[in-house]
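A short write-up of the structure that comes next.
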Amino acid sequence: MGYMQSWVKCANSAETDFPLNNLPYGVFSTGGTDPRCGVAIGDMILDVAAAEAAGLTGTTDLLGQGIWNPVMAAGPQVWADFRNTLTDLLQEGSSQEEELSSMLHPVADATLHLPLRVAEYTDFYASKQHATNVGTMFRGRENALPPNWLHIPIGYNGRASTVVVSGTDIVRPNGQTKALDADTPSFGPCKRLDIELEMGAIVGTPSSMGDTLSVAQAQEMIFGYVLLNDWSARDIQAWEYQPLGPFQAKAFATSISPWIVTAAALAPFAKPTPSREVALLPYLAENAPGLYDLTLTVDMAAPGGAPTRISRTNMQELYYSAAQQLAHHASSGCAMRTGDLLGSGTISGPDPHSYGSMLEMTWGGKNPITLADGGARTFIEDGDTLTLTGHALGDGYRVGFGHCTGTILPARK
Ligand code: MN
């Protein structure tokens, strides 16, 4: 599919994340209005709740609730029909240009909200480089990769209650830690606060308790993707994680980008998972390319300082796709829900400039990162702002996610 042109001229730019080829779904308000469903086009937002009320979208009672879950639950045929209708409405030469013009709002004037009601949140561990790096630091090189890692997309059940939209400030967590040279644990502000650069997959259609899913069925259930920052308290994690995995170290906040980029918009950029080092059991076999060629970046800024690019990697560094993770998630008969959020796991490439966490970039705090304005960091300090971006490149255009950003506030007394 080539570069499509819109009558919304700002969308016809190689610089925008939101050309007509993208059409991502968000929730916005302007001047204190109730949050409503919108679609990004260039640097504008189309109020699709108003468009539905005017009878233009081909949908009924799906877009007026200020959240995308009703569309997600409606299933793949509705997703495809709605996207085709939107494309027709917004493309150059559309007969609806005049009517729709009054439903456009500059994104600069809007407040963006969580685009979905997150039902449940599961976080995986699907980058081999990340798992090897963290395992080496926590357990030594011989035991770096757990014996199950090449066979199972490992995950843990996280907290939906603390998933927040990009731009939400994050309070430094308190927690219990124990320094290696201390005899007893203590309680207080996290001293090793970190990011995790991840993609979040959003489950559209549900499955029932007792049902299992093929990877192909799982792929059809995925509505779209967001950028995801799985904020992590490394000192709390190191003390609490055995034997049941992360708990409070990752329960205090997870940030996602405000626009859901649909699986349909990403389809032209699909790529297969890497070749298997050990054959997977048949229920996890990939039937179609499940990853995307997405460039992902992390920028860090000290208070009042210019941002420094501290990482650049690609979604293709994952060993398991979201569809494989979803098929595994349901393999016991676990019910999956509309609005479930699946974190990919930290995405790390082969060299330190492509690592997806500061734990890895600084190798456990040993090698500080130098910021553009001269500061240095091993972990995140109060007032620092971390920003993730992601995009795929088409021929003359890009399909992007916007930003996933958050600023750290001091811990509560
Ligand atoms: Mn994570």
Side-chain angles (χ1 to χ4, degrees), residues 118 120-139 144-146 148-149 152-164 166 170 173 175 190 192-203 225-242 244-257 291 294 296-298 310-311 313-315 317-322 324-326 328-329 340-349 354-362 364 379-380 386-388 390 401 404-406 408:
V118 179
E120 303 194 37
Y121 165 49
T122 306
D123 193 37
F124 288 88
Y125 192 52
S127 153
K128 191 181 173 207
Q129 185 71 52
H130 172 71
T132 302
N133 288 345
V134 173
T136 300
M137 278 182 269
F138 280 37
R139 288 181 297 277
L145 211 56
N148 53 9
W149 198 92
I152 298 177
I154 299 173
Y156 65 92
N157 289 305
R159 293 294 301 176
S161 61
T162 33
V163 176
V164 294
S166 171
I170 306 298
C190 165
R192 288 160 73 92
L193 183 59
D194 199 358
I195 55 156
E196 290 195 337
L197 167 61
E198 305 194 20
M199 294 302 300
I202 293 167
V203 176
Y225 292 83
V226 289
L227 302 168
L228 185 149
N229 184 351
D230 178 25
W231 302 95
S232 297
R234 298 302 181 194
D235 44 355
I236 299 171
Q237 183 180 0
W239 174 229
E240 76 174 3
Y241 88 106
Q242 298 202 66
L244 290 184
F247 186 47
Q248 295 306 294
K250 288 154 180 287
F252 61 95
T254 304
S255 299
I256 63 171
S257 53
L291 298 179
L294 291 178
L296 304 169
T297 68
V298 183
I310 60 172
S311 183
T313 185
N314 193 290
M315 189 192 186
E317 299 293 346
L318 293 168
Y319 192 80
Y320 296 101
S321 69
Q324 289 172 309
Q325 291 169 333
L326 180 52
H328 181 65
H329 211 322
D340 275 357
L341 177 65
L342 309 183
S344 62
T346 310
I347 304 171
S348 291
S354 60
Y355 291 169
S357 69
M358 296 181 72
L359 177 73
E360 297 164 87
M361 294 173 209
T362 68
F379 290 96
I380 305 170
L386 279 296
T387 302
L388 317 184
F401 287 79
C404 178
T405 192
I408 299 299

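Every number for a ligand or one of its atoms is a count from 1 in the order of the listing.
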task: Compute the angle centred on the Mn ion (ligand 1) spanning OE1 of Glu196 and OD2 of Asp123, and express it rounded to 10 degrees.
output: 160°
- request: Consider only side-chain N and O atoms of Glu360 and Ser357, and report whether a donor and an acceptor are under 3.5 Å apart.
  value: yes
query: Cut-off 3.5 Å, side chains only: do Ser127 and Glu317 have a donor facing an acceptor?
result: no
field: the Mn ion (ligand 1) - name of the N/O/S atom of Asp230 that sits closest to it
entry: OD2
task: Could you check which N/O/S atom of Glu198 is closest to the Mn ion (ligand 1)?
output: OE2
message: Suppose we call two aromatic rings close when their centres sit under 6.0 Å apart. Are Trp239 and Phe247 close by that rule?
response: no
statement: Looking only at heavy atoms, the pair that brings Ile152 and Tyr320 closest together is N-OH, 3.3 Å
